[in-house]
Structure formats: C-alpha cells, structure tokens
There are 2 protein chains.
Amino acid sequence: MSQRRGAKRAAAKKTIVPPVEEEIATNSLEEETGTSSEEERITKSQRNSKKQQKLVEEGEQRSDETEDGDAKIENKKGKRTGNRQQKSNSEPLKKVAKTDGKLNKTDSDFGSLDFTSKSKTKDGKPWNLKISSWNVSGIRALIKKNGLDFLKHEDPDVFCMQETKCSTKNLPAEAIIDGYHKYWCAAEKDGYSGTSLFSKVKPLSVTYGIGDKEQDKEGRTITAEYDKFYLVNVYVPNSGRGLVTLPKRLKWNQVLKDYLKKLDVKKPVILCGDLNVAHNEIDLTNPKTNTKNAGFTKEEREGMTELLEEGYIDSFRHLYPDKTGSYTFWAYFGNARAKNVGWRLDYFVLSERFVGNVCDCVNRSDVYGSDHCPITLFLNV
Amino acid sequence: MSQRRGAKRAAAKKTIVPPVEEEIATNSLEEETGTSSEEERITKSQRNSKKQQKLVEEGEQRSDETEDGDAKIENKKGKRTGNRQQKSNSEPLKKVAKTDGKLNKTDSDFGSLDFTSKSKTKDGKPWNLKISSWNVSGIRALIKKNGLDFLKHEDPDVFCMQETKCSTKNLPAEAIIDGYHKYWCAAEKDGYSGTSLFSKVKPLSVTYGIGDKEQDKEGRTITAEYDKFYLVNVYVPNSGRGLVTLPKRLKWNQVLKDYLKKLDVKKPVILCGDLNVAHNEIDLTNPKTNTKNAGFTKEEREGMTELLEEGYIDSFRHLYPDKTGSYTFWAYFGNARAKNVGWRLDYFVLSERFVGNVCDCVNRSDVYGSDHCPITLFLNV
DNA sequence: CTTTGAAGG
DNA sequence: CCTTTAAAG
C-alpha cells in the first residue's frame, strides 16, 4: 500500500500539482505516459534528447497512479526459473523489520522531532523549496523499518535517494510514494548501488548517468532539470577496503567534474548525495586515524577541493563553518552512532552564483533507518 | 550460557553418569582428554583404530566441562582478516530469533506435549534407551528459536542431529548442552551439511564418515559404537533441484550399504537420520506429483528398498504399517506444515535381529524450529 | 554491524 | 520459504 502523506509545512511555497506518472528505469529512462502540467512543462523534443541515457533492459515496468491518488502498479507474476520462485513485481513487502535482533537503533522518534524551518536567504527571503537527500542503504530494508515515514514528516519537494540496492522489478509497493514523480536508476548488478529521485513538480527533463560507459552501469547519477537549476543526485563510488577501488573513484571524480561543468554553463547546479568523502578534519570524528581509509584519503579530499574550486559551495559548511560533531554517516559497528563517531559524507554542493538562494542546510541526525541520515536543503528560488 | 536440563523420565532406565568431556571434529575425531567411566569403557587401543577417520583440519578445538557441570569452552579471539571481524569461537549467540517476520511457526508448545511413553517390546519389556534424531536445518538458527529446548523435554539418551550447518569454530555456546558427550562432524565447506551426536553414555568408539574420500568431506556420518549395537547417524545427500546430484546420491547409497554391512557382521546396527527419501506412496502427501522430484524418484525409493533387503527394518513403518499422514518434513513454502503436506524422510532403520528390542518409534510433528521434526526411538537393550 | 544476492535445501 | 555464506559498505 502506498503511504498517505500528511502535509505539514511551515513557510509558504509554490503550489504543487499532484497529477502524476512514474518512471522506473534500470540504467535508462523509460517513455513517459502521463501528461505533464503547470509552469514547468517540457516539450517532447526536449525530453527525447536524452544524451546520457542508455537503453539496456529487460524487466521494464511502469506505474500510473489511479484517480484517487493511490499508487497502484502492475503486478506481473514473477516467472519461475527452475523451481525457484521469483518475487512478483512490486508487491508489498511481507516481512516486517526484525526489531528483535538489531543491535543498532532503527526507529526514529518522529513525534519529537521538529522539521519546521523559518530560515531565510541572506536577503531575507523565506524558503519555498525543500530538497532532501538520503543514502538509505537498501530501500527494502528501510521500508521494513518504516524509514520512508521520513517523507510524511519532512515532506520535501524533491527527495533524492542513494544506495537503493533494488532492481526495478523488485521494488516493493511501499516505495511508490504518492504525490511524487518518481525516477529510478538501478545498477546492472542486482542489489548494488542505485539511486532514485522523487519530485513533486515534474522536472523539465530527467537523465541518467554522467556520460561514462563503465561508471554509468552502476546507477549512480540522476539529473533533473528544473526551471532555475539542475539537480544532480549522486552516489559517488566508495574507495573500498584497502582502497582497492580508489583509482576508479578518482576517475569518477574527474568525469563528474566535467559533467557538472557542462551543466553549469547552462544553469546553476545543485549536486546532492553521498559524495563518500569527509572533506576536512572537522568533517569526521577521527581524522588522524582515517587518513588511509576510504573517505578521508588525501586523494579523495583533494578531489572535493578541486570540485569546489570549479566554483561550487559546500552549503552546510558555508553556513556553519565551525560547527563540529555534525555528521551524516556513522559506521554500524562499534556503536558508533550512539557515540556520534561519525563522518559528514552527504552534501548539497551548489554553484557559487546560487548561494544567495540558500536558506538553510541541515543534517537530520535523529532520523534512523540507515547508516546515513537524511540531509535537507531549504532554498528560495 | 549452557542449558540446564530438567530431567523428566517416565520409565526406568540405566543410570547415566555425568562425568564428561567433549569432542569436536571437523571431519575428524580429535584426541580425547577426559576419562571414560562405567561399564561401557573403551580401551585406548580400540579407540585409536579409527579406520574411517580422516585427519584433515585447521581450527581444532576442544572443550572440557567444569566441575560444577556447566559447559565452558575456550573463547579464542577471532582473528581479523583485513577489516572483517571474525566471530569468536563458540560465543553465545547475540541475536534472537526474528519472530516478527516469520511466516512459518517456529515455537513449540512444549508444555502441552507429552513426551512420556509406556511402550514395551513385543515381549513386554519396557524401554530403557531413548534415541532422538533431528535434521535441525542450521543449529544456530535452531538455537535462536530455542529449538534445543527440545532436549529438556525429550531428554533422550542419545541425540543425533543432521544439517547443523556450522563449522566447529562457529559453534555457539548454547550448543554445548550439559550432560552429554558431544561429537561434531562438519563439512569442509562452511555452513553446509554437518552432523552431530550427543550421548549420555560414552560410546565405546566414535568414527566419522563411511570410507569414501569424496563423500566424507561433507560431514554426513557419525558412527557410535555401544555395547550392544552400532548407531550410525547420517545425513544422506539430497538429489537436488532438477535431480542434478542424483548420481552422487546413488553412489552414496551403495557406499553406505557396504559400510553398514561391515558393521552389521559385528553388532546390530541402528541407522538414523535424514535419509532424504520417502520410501513409499504412504510416506508423503503427494506421491503422484513428486515422482520426478528429489526424495521420491524411482531410483531413490529403490535404494531404500535395496537397503532394507539387506536385512534391515524401517522401525516406524514396521510398527505402523498403515499409518497415513505421519511425516517428518514439510517444505517451508506454501504453508505446507500447517496443511500437513509433508514427507517422511527421517528414519530409524535397524538390523532385523534387533527388531525385538524396539518399543516404539514416534515422529514429533509438534516440535518446531526446523523444516524437519525430531523422531524418537524407544528401545529395550 | 547490515544489506544485499547465491547456493542449497 | 528459510538458512547459510560472500561481497560490499
């Protein structure tokens, strides 16, 4: 069953129009069926020039919402391979979270958290657009823990996920949140990586990947074009234990930088997601002992610096240059989260010329369900 | 923590002596340290002629019980391999069963079950020896479900397990049940197959395998020699989906038959365990639809027939020739157990000349925790 | 420590 | 459907 969304907004913002269709893509953007609406309409020709898009596929799938607003998706019977029964497409998850055996906290106390914000731009303009980003570390596990209840409370206009770890054909029905246009970008490899973007307003265009044949197999990037900016949702490759994939990661950094540069000449860019690097010593609890570990090597940190030098701002650090102990990731082991032994790996990085539009940027460290917490950006656009 | 055992015996039987040591073997029998006692003493020379025993191994391990009878075993720190933390040897299991998400029943209502028996031999002699056998489908999972509480209630003199799926070094402390001599036979492949034998009375000898180099890598057989008989605990190879391992299985049948023959010339044999075959149509719910499935092929059934023709008795069927609907295995899927759509795959097969010693043979179909249920043999010896 | 999928049942 | 492991984080 789809979630019912209890809107609860503090400041004024532009009206959101519900008419909706959904896009699910495994490393590719599928045809749209629904009609777009409102001011941010996009022409057919615009949408069809999907440069980065790669059409791979099997198991394609789409879902249109019903008139009463309840998400309903096709329920094809899974084909049998031998005796092994395959899960049907997007059935509700049958299992609930095994709260019993968990050693780490999984439940958020949403009732006691405050998601409101009266933040304004430097010029005093109130926020009217909210973007959230979350490395969910497996959307199916998150759903079992009721982690997507976050959306009921945060109610962002745009929601970006990383590490969904779910092929399109295995998406549970609970992932089809009502009221958003939904875009899925899965890795070729089942259960690995994967990103998703939910948007109340239909983007002018949505593309997948950063134009690198190899890297784009891993479902790491979704770009949504809006009237005033590009939003790029990324899950940057982890450099791995023993830094085995550091070379791949550094190459990715270069390709991403080039990719953003091309967008930035057209419109301001908002890059969000898990950048898999703590930029400076202030961005993690144990800088001294982690210089040889993935996420805090010299090379990764320099990559972040080089990116910013292209003309981007780390919005959180821009607003809170001296704030310590504010992280977005805590290892599952060692009771790290309870001790706030963490890393700031998730960012909203935006074009310098857009920084005047920023109202606030917060790390939702009290929201559980993953080893990362969500982050939220408040903008006036 | 080790289990405390609440003895509750209905009929008289010979006294059991507690002094205890333990043997844990990965495909091999380790040196004993404890002193054997009582009438069934075994000479050093006898014990050292372990013909079938194969000394492979790594990760050897032993445990001696403390004076107050509480099982205590060495707690070597797991060595680290890279960043990956290995579990320490035989620590108590930290996680409890995820009762939440289970679709199948896992808890036995021991309080309402009757494990007593007034059964007698044909000649009217009361039982004085009880042997239980259970394919536990993963001893660690069973323990999380408190499945070994079965022992507190059944309180057998000998307990045979199949599919322990646990290398010796990963055995949880809860597996070290007090009051038994314990023998473990694990497969070379971690988490696969594996058998165990617990005995209140120390066997005259214990050997592993059936004398086949290949087959004996899989930890499928433990033979315990007693004064009056041999007890052979087996986990017969499954023929697999699509019968891919049927040839291996048929070879196994031959080797086992030859192995038993050699024992049988010395003493009567009791073969117990998961024979992975439903012998006749009466032994499964759906004989018609399963003739091409592992466990009910012509070849497997004939293998069972050929074994019995060597001079053995299927004790359950001998006692209850027409009893229908009495099974020892139900597939986890399709709610099979609740519907009693099952198979009789677990047996006590014994030498014809020993059948006069049988008092009863029962399938404990109300004991949960595995896809098999325990079976229990009552004997007068 | 946790999430995936795979093999095996 | 369930239990194991391996790979990845």
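So that the names make sense, note that chain A is the first sequence line, chain B the second, and so on, each numbered from 1. A quick note: this is a predicted structure, and the numbers were derived from the prediction, not measured.
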Evaluate the criterion side-chain contact (heavy atoms from CB on, under 4.5 Å) for residue pair B/I139 and B/W184; output intermediate values, then yes/no.
CA-CA 12 Å; B/I139 191 171; B/W184 303 92; 3.8 Å; yes

side-chain contact (heavy atoms from CB on, under 4.5 Å) between A/D366 and A/D109, worked out:
CA-CA 8 Å; A/D366 292 320; A/D109 187 9; over 6 Å; no

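Taking a pair to require two hydrogen-bonding distances under 3.5 Å in either a Watson-Crick or a G-U wobble arrangement, D/dA8 pairs with C/dT2.
Checked against C/dG5, C/dT3, D/dC2, the side chain of A/K165 finds its nearest nucleotide in C/dT3. Looking at the side chain of B/Y332, the nearest of the listed nucleotides D/dC2, D/dA8, D/dT5 is D/dC2. The side chain of A/L103 has C/dC1 as its nearest neighbour among C/dC1, C/dT4, D/dT4.
Within the 4.0 Å cut-off from OP1 or OP2 of D/dG9, at least one side-chain nitrogen or oxygen of A/Y192 is found. Between A/R140 and C/dG5 there is a side-chain polar atom (N or O) within less than 4.0 angstrom of OP1 or OP2. Contact annotation: B/N104 reaches the phosphate of D/dC2 (side-chain N/O to OP1 or OP2, under 4.0 Å). At D/dT3, one or more side-chain N or O atoms of B/K145 fall inside 4.0 Å of OP1 or OP2 (strictly under the cut-off).
For A/D190 and D/dA8, the CG to P distance is 14 Å, given to the nearest whole Å. Put simply, NZ on A/K189 is 15 Å from P on D/dA6, counting in whole angstrom units. Atoms CG (B/N135) and P (D/dT4) sit 12 Å apart, rounded to a whole Å. A straight line from CD of A/E218 to P of D/dA7 spans 17 Å, rounded to a whole angstrom. Taking atom CE on B/M161 and atom C1' on D/dT3, their separation rounds to 16 Å, with Å as the unit. The distance between atom CD of A/Q162 and atom P of C/dT4, rounded to the nearest whole Å, is 16 Å. As a whole-Å value, the separation of A/D371 CG from D/dG9 C1' is 7 Å. In this structure, the CH2 atom of A/W330 is 16 Å from the C1' atom of C/dT2, given to the nearest Å.
With sequence neighbours excluded, the residues forming a salt bridge (charged side-chain N to carboxylate O under 4.0 Å, His left out) with B/K251 are B/D212, listed by chain and number. Considering only residues two or more places apart in sequence or on other chains, A/P247 meets the side-chain contact (heavy atoms from CB on, under 4.5 Å) condition with none of them.
Residue contacts shown for A/Y235 are limited to sugar-phosphate atoms, with no base heavy atom under 4.0 Å away.
The closest side-chain donor-acceptor pair between A/S167 and A/D190 falls under 3.5 angstrom.
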